Structure formats: C-alpha cells, structure tokens
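One structure below.
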Amino acid sequence: MKRTKAEIMEDLSEYEKKHSKVIANNTVEYWTEKGDRIIRLHKTDIVKFMTDGKIILNSDGWKTVTTKERINRYLECGNV
C-alpha cells in the first residue's frame, strides 16, 4: 500500500518535516535538529547516519524484500 508523504512523516517534529524529502516509494529522508540524517520506510527509521559517524540499522522486525533493498541502497552509497 502506497502511503503519502504526510502519513510517513506523521511522527516527525516540525523541524524534521521541513528538512525532509521523498526519496523512493514509501521512503523519506529527513534530518534532525542535531544534524543526524535518517532514512524512514513507512514508520520505521531503517538507517540513521549519526553526526558522530555511527550508522544505525533497524528493520524493526520487518524481514521484507523492500526493507532489505532500502537499507542496502542507502547504506551502500551513504547518500541519496
């Protein structure tokens, strides 16, 4: 089911909403006020590029082809 950008971002702060963009179907990229870059699929933040250099991966238990593809795509290139 394709979700709208608003549905994908409904839990984000106003700052994060202003600093976001749709990068793939059901996937949005946004930045936090601390400068962390997040890739969100549906309501799950699947890749977090932290300002301290750490990268956090999270499937939230969704073992789907799409989740794996998105994590691999954005982890591999480090940018959109």
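Note that the structure is a prediction, hence the values are computed from the model and not measured.
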Kindly compute the distance separating [atom1] ([X]) from [atom2] ([Y]), expressed to the nearest 0.5 Å.
| X | Y | atom1 | atom2 | result |
| --- | --- | --- | --- | --- |
| Thr27 | His42 | OG1 | NE2 | 7.0 Å |
| Thr64 | Leu41 | OG1 | CG | 6.5 Å |
| Asn26 | Thr44 | CG | OG1 | 11.5 Å |
| Glu14 | Glu33 | CD | CD | 10.5 Å |

Q: Just do the side-chain contact (heavy atoms from CB on, under 4.5 Å) check on Lys43 and Glu10 with the steps written out, would you?
A: CA-CA 8 Å; Lys43 288 188 173 187; Glu10 63 188 25; 2.5 Å; yes

**Q.** Residues forming a side-chain hydrogen bond (donor to acceptor under 3.5 Å, both in side chains) with Lys48, sequence neighbours excluded
**A.**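 Result, side-chain hydrogen bond (donor to acceptor under 3.5 Å, both in side chains) vs Lys48: none returned.
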
Q) In this structure, are over 12 heavy atoms from other groups packed under 6.0 Å from Lys17 atom NZ? A)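 For Lys17, atom NZ is crowded (more than 12 foreign heavy atoms under 6.0 Å).
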
Q: Kindly indicate whether the side chain of Glu16, heavy atoms from C-beta on, has any atom under 4.5 Å from the side chain of Ile38.
A: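 Glu16 vs Ile38: side chains apart.
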
Q: Using the test salt bridge (Lys or Arg N to Asp or Glu O under 4.0 Å), find all partners of Arg70 that sit at least two apart in sequence or belong to another chain.
A: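 Arg70: no salt bridge (Lys or Arg N to Asp or Glu O under 4.0 Å) contacts found.
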
Q: Consider only side-chain heavy atoms of I, L, V, M, F, W and Y, link residues closer than 4.5 Å, and tell whether Ile39 and Trp62 are in one cluster.
A: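 Per the 4.5 Å side-chain linkage, Ile39 and Trp62 are not co-clustered.
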
Q) Pick one: which of Ile46, Ile23, Leu12 meets side chain to side chain contact (heavy atoms under 4.5 Å, CB included) with Arg40? A)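 Running side chain to side chain contact (heavy atoms under 4.5 Å, CB included) over Ile46, Ile23, Leu12 with Arg40 returns exactly one hit, Leu12.
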
Q: For Ser20 and Lys18, indicate whether the former's side chain and the latter's backbone hold a donor-acceptor pair under 3.5 Å.
A: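 Not at all, since once roles are kept as given, no pair shorter than 3.5 Å links the two residues.
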
Pairs of donor and acceptor atoms involving the side chains of residues 49-61, under 3.5 Å and at least two apart or interchain, shall be tabulated with distances.
from: Asp52; atom 1: OD1; to: Lys54; atom 2: N; distance (Å): 3.0
from: Asn58; atom 1: OD1; to: Asp60; atom 2: N; distance (Å): 2.9
from: Ser59; atom 1: OG; to: Gly61; atom 2: N; distance (Å): 3.3

